[in-house]
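This report refers to the structure that appears directly beneath it.
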Amino acid sequence: MEFEKAFEPGTIETRWYDHWQRLGVFTARPESDRPAFCMVIPPPNVTGRLHMGHALNNTLQDILARWRRMKGEDVLWLPGTDHAGIATQMVVDRQIQSEGSSREALGREEFIKRVWRWKEEYGGAIIGQLKRLGCSCDWTRERFTMEPALSRAVREAFVRLHEAGLVYRDKFIVNWCPRCRTAISDLEVIPQETQGHLYTVRYPFAGGGGGIDVATTRPETMLGDTGVAVHPDDPRYRAMVGHRVVLPLAGREIPIVADAFVDKEFGTGAVKITPAHDANDFEAARRTGLPPLIVMDEQGRMNENVPARYRSLDRFEARRLVVEDLKAGGHLVGVQDHLHNVGRCQRCNTVIEPYLSTQWFVRVKHMADAAMGAVAEGRVRFTPPYWVNSYNEWMGKIHDWCISRQLWWGHQIPAWHCGTCAEIHVAREAPVVCGRCGGTVLKQDPDVLDTWFSSGLWPFSTLGWPEATADLARYYPTTVLVTGFDILFFWVARMIMMGLHLMPDVPFHRVYITGLVRDAEGQKMSKTRGNVIDPLDLIDRYGADALRFTLAAMATPGSDLPLAEERMVGYRAFANKIWNAARFVLMNRGDAGTGSAAPPLPARDRLSAGDRWILSRLSRLASTVDERLQEFRFDEMANALYQFLWHEYCDWYLEIAKPSLLPGADAADRERAQAVLLHVLESVLRLLHPVMPFLTEDLWQRLPHRGDTIALAPYPAPDPGLIDEAAEREIERVMEVVSRIRNIRAELNIDPGRRLPLLYRAGDLEAGRVIARNAATIAALARLESVEEAPDMTRLGPAARAVVPGLDLAVPLAGVLDLEAEKRRLLREIDKLSKEAEGHARKLGNADFIGKARPEAVDKARRIHQELQEKIGRLTATVESLRLG
RNA sequence: AGGCGCGUAGCUCAGGGGGAGAGCGCUACCUUGACACGGUAGAAGUCAGCGGUUCAAAUCCGCUCGCGCCUACCA
């Protein structure tokens, strides 16, 4: 196997992904006796392409899946796509229109065939993209929300909810999109602050003699007014209640009614009532008995219920003309600028029209209460927990859910209308005869269900529900759900409601809510801003591993992720660093035998302090990584791995081990060093595998290893037997000495290649032993020619000096040392330490601190202060000796 | 209008009652037998402001100011 000088991710990714698929690594084994771990993927739209949001939450899911799999659990990560009613219909619509035809010309049946054909041809591109990311989904269980089994689940759920009285059909005011020509739910309406006008219009009394002024932002809807409302306690209008006014332009007479919903302070305190085109008015009209009058068609054009002059006009043209006519007729009393919220269609941004129509609804109040209860009891836990507030707030004032859509692509509602007696039958299958009149002309309701209705069933419909399958028994409730807060209400809340009603238990126990991936400036990514970053492009340029590591490292719970490309550059460098570390470790092995068994770790008494140190650090890393993952702290997990690999393994341990590997080293020593290097590398690759699956697999395969794939190798567990605090202290001391000497070299501008002598005087026995034991290592790392004890440091010639706890260091530099520079350097150091010591001194001088603080805190402050004082003292003495000559 | 979150190094962010941290960037030096996608050393912060609790506050509480988000039927 070639071992290139730099890591080239592109060449290995598909190879290893294929390898995993061939081995069936991702396939769940419900028959196994291992504990089950299950996640369902938030199904991306079948029309979708992978965006940064997908990349983020699927990376996090994959980390969890790979981690649990390596821990020996039976992992099911169930993938699939969503049929995405409106989105998909729009895509195919456009395609047909570009051919000069139309959906209507094609007819419903043909159109649906076209959508399926489109799906087969172009749909699900995102699946391939998830694979490029490295997602370890169980592709043998891939689902699609429109496939027959899931359609059946949808019908079953609808019928059961209907039987329970939770699904009903009613004529109600809904959010209507005149462009999509369908009803949509409250959630699909995006309020947008808009600068509009508030028009004041005078409605004259039917009996003559003045009139009442009403204020409106949508004057065209007056053509549908069937009354005027005032507050019952409003003294200005109380006497007018019951009187009639003449509706300008239309000429109809309408009554003045009283209703407490009117805000006396707003506008004129009198409100025109348009029951068929305003949600509030609709409610008020119901209370006061005013009839609704629909004045627009489903495309937002004025219909036959308005005077001929306005008929067929688009609502905004009608608005213009109505205002013009009101002005001309002297009915317009005033116009003011007015800032208000206008609801727009989430899909097409068209201004939503509140519209009276017959729709299907889910009565959600009780389901919402149950769903809140499950969260309150901790049966479903959110991370971060503060999302519970939003969840409860929304659930608390939820309105019935409009689930019917006037689309063609989707689950057609399982309700059949009798052509004879108009009875509606809700049933799992089409009835043959009408149960009421015996009529045989039964027509299925043309509407389809809101896409989120089927998504709400996803955690169990995908496992086979309503069949009692083995998968359902084993994997429901699922373990964790990872998703974005943008679909907390659309999806998460509804899954909990549906799961609680249709299943014996909640759909998942944990919900991890990700932040939003933003651009480097913290702006939301959007096509209009032109700042969209394509994860596939990042994979091409930096590799899937670097992208995954970046996302994991930035995934701090509860905050958004501003994605700066420099960050990716940094983590690609990290991948390269690991690559080269492995290259070095293998390069120095004589046999370099791939697949051979790893050499056993030498017995403890044969290990060097450096060996014991890195093994101890490795064991701590294993604990940290596991703990961090338990808590969904992907960022801290990633940082711990980064820190260990780069700064402990590469910066220090490799350098410490190098002398043992170079030609001329003792054979036994070389063997020991190699064994430890390999052991630690192989272990940390396994720890890293969930985040960087491709790189780690590729390197692992080159290392001596056991098994076919790292993806099924055991996840390293912390080994308490390897924790070695003495070795950690020892190497820390070595590191400190080396750093001080490097500092001398750098600050005094001494040739980095020059070998220097080091003299030391030990203030305590242990420190002296440590230096003596590690003299060779220190010499190698600090580029020294000698390390010698000098009991008397006062009689040296010109030498650079440094102190570390328990040790005075001197680097004799006859003829090279700039005494002034050295003095400045030492004084700077003293100054820094003094500032630090000051704080502690103040604290220790405070009687209250001594008396009231925890004794450990006092001890610690004393120790630190003493240490600092001691260093300062020794440095000061050194400066003085410098002055002497 | 309510609710939530956030203001810590030039940038992006961790931390969360007792010695101010990371990555990137910056400065100086270094092509030393893995890596210049590299190494070594360094500079850099009144932890938004004000007040309170405490022996001790970047950290807990309150207020103020900024920024962001979510929810809501003010025509």
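Throughout, a chain's letter reflects where its sequence line sits, starting with A, and its residues are numbered from 1.
A cation-pi arrangement is absent between A/Lys658 and A/Tyr653, since the terminal nitrogen or guanidinium carbon is not both under 6.0 Å from the aromatic centre and inside a 45° cone about the axis.
Checked by atom type and distance alone, the side chain of A/Arg825 pairs as donor or acceptor with a backbone atom of A/Arg801 at under 3.5 Å. A side-chain donor-acceptor contact under 3.5 Å links A/Arg745 to the backbone of A/Asp751.
Spacing between B/G17 and B/C55 at atom C1', rounded to whole Å, works out to 12 Å. Comparing B/U31 with B/G39, their C1' atoms sit 10 Å apart, to the nearest whole Å. Remark: the separation of the P atoms in B/G52 and B/G66 is 24 Å, to the nearest Å. With both ends at atom C1', the span from B/A48 to B/C67 equals 11 Å, rounded to whole Å. Rounded to a whole angstrom, the distance from the C1' atom of B/G21 to that of B/C29 is 26 Å. The same atom, P, is picked in B/A58 and in B/A34; the two are 47 Å apart, to the nearest Å. Spacing of P atoms, B/A44 relative to B/C61, comes out at 33 Å, to the nearest Å. Nucleotides B/G3 and B/A72 have their C1' atoms positioned 11 Å apart, rounded to a whole Å.
Nucleic acid contact for A/Arg745: none, since no nucleic acid atom lies under 4.0 Å from a heavy atom of the residue. Within 4.0 Å of A/Ala6, counting heavy atoms only, lies at least one base atom of the nucleic acid. The residue A/Tyr571 sits apart from the nucleic acid: no heavy atom pair falls under 4.0 Å. No contact: A/Arg755 has no heavy atom under 4.0 Å from any strand. Looking at heavy-atom distances under 4.0 Å, A/Tyr386 makes contact with sugar-phosphate atoms alone, never a base. Across all strands shown, A/Arg572 has heavy atoms under 4.0 Å from base atoms, whether or not it also approaches the sugar-phosphate. Residue contacts shown for A/Ser390 are absent, as no nucleic acid heavy atom lies under 4.0 Å away. A/Ser559 comes within 4.0 angstrom of the backbone, heavy atoms only, and of no base. Contact annotation for A/Ala279: no contact, since no heavy-atom pair falls under 4.0 Å across all strands. Residue-level contact check: A/Lys658 touches the bases, meaning some heavy atom is under 4.0 Å from a base atom. Counting any heavy atom pair closer than 4.0 Å across all strands shown, A/Ala573 reaches a base atom. Looking at heavy-atom distances under 4.0 Å, A/His277 makes no contact with the nucleic acid at all. Looking at heavy-atom distances under 4.0 Å, A/Phe574 makes no contact with the nucleic acid at all. Among the atoms of the strands shown, base atoms are found under 4.0 Å from some heavy atom of A/Asp263.
You'll find the side chain of A/Gln674 reaches within 4.5 Å of the side chain of A/Leu661, heavy atoms only. Contact check for A/Thr777 versus A/Glu655: no side-chain heavy atoms found under the 4.5 Å cut-off.
Side-chain N/O atoms of A/Asp213 and A/Thr200 include no donor and acceptor closer than 3.5 Å. With no hydrogens or angles considered, no side-chain donor-acceptor pair links A/Gln336 and A/Tyr199 at under 3.5 Å. For the 3.5 Å distance criterion, the side chains of A/Asp225 and A/Tyr203 qualify, holding a donor opposite an acceptor.
Comparing A/Lys5 and A/Met554 along RNA chain B, the residue whose closest nucleotide (by nearest heavy atom) sits nearer the 5' end is A/Met554. With the nearest nucleotide of RNA chain B identified for both A/Glu8 and A/Arg518, A/Glu8 has the one nearer the 5' end.
Atom CD1 of A/Ile398 and atom CE of A/Met372 lie 8.5 Å apart (nearest 0.5 Å). Here the CZ atom belonging to A/Arg518 is positioned 12.5 Å from the CD1 atom belonging to A/Ile533, to the nearest 0.5 angstrom.
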Dot-bracket assigned to RNA chain B with the 3.5 Å Watson-Crick/G-U criterion, [ ] for crossing and | for other-strand pairs, is (((((((..((((....[..)))).(((((.......))))).....(((((..]....))))))))))))....
Show your working on salt bridge (Lys or Arg N to Asp or Glu O under 4.0 Å) between A/Arg854 and A/Glu856 and close with a plain yes or no.
CA-CA 5 Å; A/Arg854 295 193 331 273; A/Glu856 306 91 83; 3.5 Å; yes
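In summary, contact between chain A and RNA chain B, defined as any nucleotide atom under 4.0 Å from a heavy atom of the protein, begins and ends at B/G2 to B/A75 in the 5' to 3' direction.
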